[in-house]
Amino acid sequence: MSRLSNASGTDDAPALVRFGDDLRVDDNPALTAAAESGRPVVALFVLDDGTGRPPGGAARWWLHHGLAAVRDDLAALGIPLVLRKGAADLVVPGVAASLGAGLVTWNHRADPAAQETEARLAEALRADGRQPRRFLADRLFAPGEVQTGAGRPFRVFTPFWRAAMALPPPHRPKPVPQGTRAPADVPAGEALESLGLVPVAPDWAGGIAAQWRPGAGEAARRLAAFLDDGLAGYAERRDDVGVDATSCLSPYLRFGHLSPRRLFHAVRDRAGADGLGADGAKFIAELGWREFCRELLDQFPALHEEPIDHRFAAFQWRDDPVGLAAWQQGRTGIPLVDAAMRCLWQTGFIHNRARMVAASFLVKHLMIDWRAGERWFWDTLVDADVASNPASWQWVAGCGADAAPFIRIFNPVRQGERFDPAGRYVRRFVPELAGLPDSFIHRPWEAPSDVLRTAGVRLGETYPRPVIDLDEGRKRALAAFEDIRRGE
DNA sequence: AGCTAGTTGGG
DNA sequence: CCAACTAGC
């Protein structure tokens, strides 16, 4: 006992930095505070599947490699990373005790359950005579900072973002700390491999590994490439699903390899210097959606389970396991939807526009509960975010705060012809349709038989017929929504 | 961050 | 024939 109180009372008692969704050394305020204390520093990551929403399969693959990356980045600063498993409010105080830590820092997490645990954790640390400190690294603005004139949270994105952009800009990112050192004794941890984050057999992650390299170094490379090649024309090209015109930075934000403030200022500085005001504003507004989703999660902690719009509690979603499986596996017979869902399975990612179309098809045309889609995305997306994923599904389903009304139903053929006019996206992920001409690539069921024959397509054999007639599905959804609207 | 059906005005 | 525009879902 005396050892603990002595240790935490001296300046040379080590600082412990708990990592979470902030796998970076750049603009990491918890790390910077530990470094600036002048104490030796140890980093800790606790895999705690009992607190909050455990990451899905694709995110666990990313986490494995992201931890390896941040371990290397920390090692370059002379800081060891200790890996542990278990309940964070028990494990962190235990590690802090064996280290004799004085200062214990971490960055705020978006998951409401994690925040509850962290409140208990802070209590436990204080009771042990240590100094817990929490920082905000995951947001541009503090929770609740963006308010209506009446001091209430916004429920609609556009006024939210207008008010946010009228505030002083988020403060500048912090540089990588200098002069850090490790203590003589570092508590034992687990080997990364023993956390069991990556699939062994079958290894379904090959396509993901081919597409992505987790880590802050790759995030910085992608950001630089986007600023050089992607920002100019972003506003106009971002919806083209067949062209790689988006930044693909979402998983790097999800795991905190890239700080939102670093990204905000990098884009704003470049857009200002290069006269790309509209492109910069459009891109930064996407960060604004991420911010808005976090505000929603703060207000609605059950965001992935409960519709914000209570009218939808009574909505009769269809129980359709066959339709759900067809959607998940990319064999609905609707080319753009199937391309999106196969892209998801292969790469852990879907372009924003294709995401909306695929999600809309499940919720509107198949009338399957948005929560089933949300769970599938949660398990398969490398960027599955505790706030953005459920909030966006509620938006698509029309039951969210700032929801597109339920009656806004995407037509996947029309969307395909507008945003993938050359069929590049469909041909890449649905190769059995590649031989079709552009005029039928998004509607093979309307192609004349000689066109199908020439393309080597046999509907119902080489590629499915639509699981539902689009017009019929649209009318059914509208009718069901009318029932709700009348009953409200 | 929609779609459809219907209208109008121009070739 | 089409593009542009609108109301209503």
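Letters A, B, ... are given to chains in the order of the sequence lines, protein chains preceding strands, and every chain is numbered from 1.
Atom CG in A/Asp471 sits about 8 Å away from atom P in B/dT4, given to the nearest Å. Between A/Leu336 atom CG and B/dC3 atom P the separation is 11 Å, expressed in whole Å. In this structure, A/Arg474 atom CZ and B/dA5 atom C1' are separated by 10 Å, rounded to whole Å. Rounded to an integer number of Å, the gap from A/Asp469 CG to B/dT4 P is 12 Å. In this entry the distance linking CZ of A/Phe481 with C1' of B/dG2 reads 14 Å, nearest Å. B/dC3 atom P lies 19 Å from atom CD of A/Glu472, rounded to whole Å. We find that CG of A/Asn411 is positioned 7 Å from C1' of B/dC3, with the value rounded to whole Å. A/Arg418 has its CZ atom 14 Å from the P atom of C/dA3, to the nearest Å.
Contact check on A/Asp138 versus A/Arg290 returns a salt bridge, with a Lys/Arg side-chain nitrogen under 4.0 Å from an Asp/Glu carboxylate oxygen. Look at A/Arg262 and A/Asp27 and you find no salt bridge, because none of the NZ, NE, NH1 or NH2 atoms lies under 4.0 Å from a carboxylate O. A salt bridge does not link A/Arg109 to A/Asp111: none of the charged nitrogens lies less than 4.0 Å from a carboxylate oxygen.
Between A/Tyr234 and A/Phe226, the ring planes lie perpendicular to each other; the angle is over 60°, past the 30° to 60° tilted range. Between A/Trp161 and A/Phe141, the ring-plane angle classifies as perpendicular under the 30° and 60° cut-offs.
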Going by atom type alone, with no hydrogens or angles, which donor-acceptor pairs under 3.5 Å involve a side-chain atom of residues 151-160 of chain A and a protein atom two or more places apart or on another chain?
none

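Dashed line: the shortest gap from a side-chain N or O of A/Arg476 to OP1 or OP2 of C/dC9 is not under 4.0 Å.
Within a heavy-atom distance below 4.0 Å of DNA chain B, the residues of residues 347-380 of chain A found are A/Asn352, A/Arg353, A/Met356.
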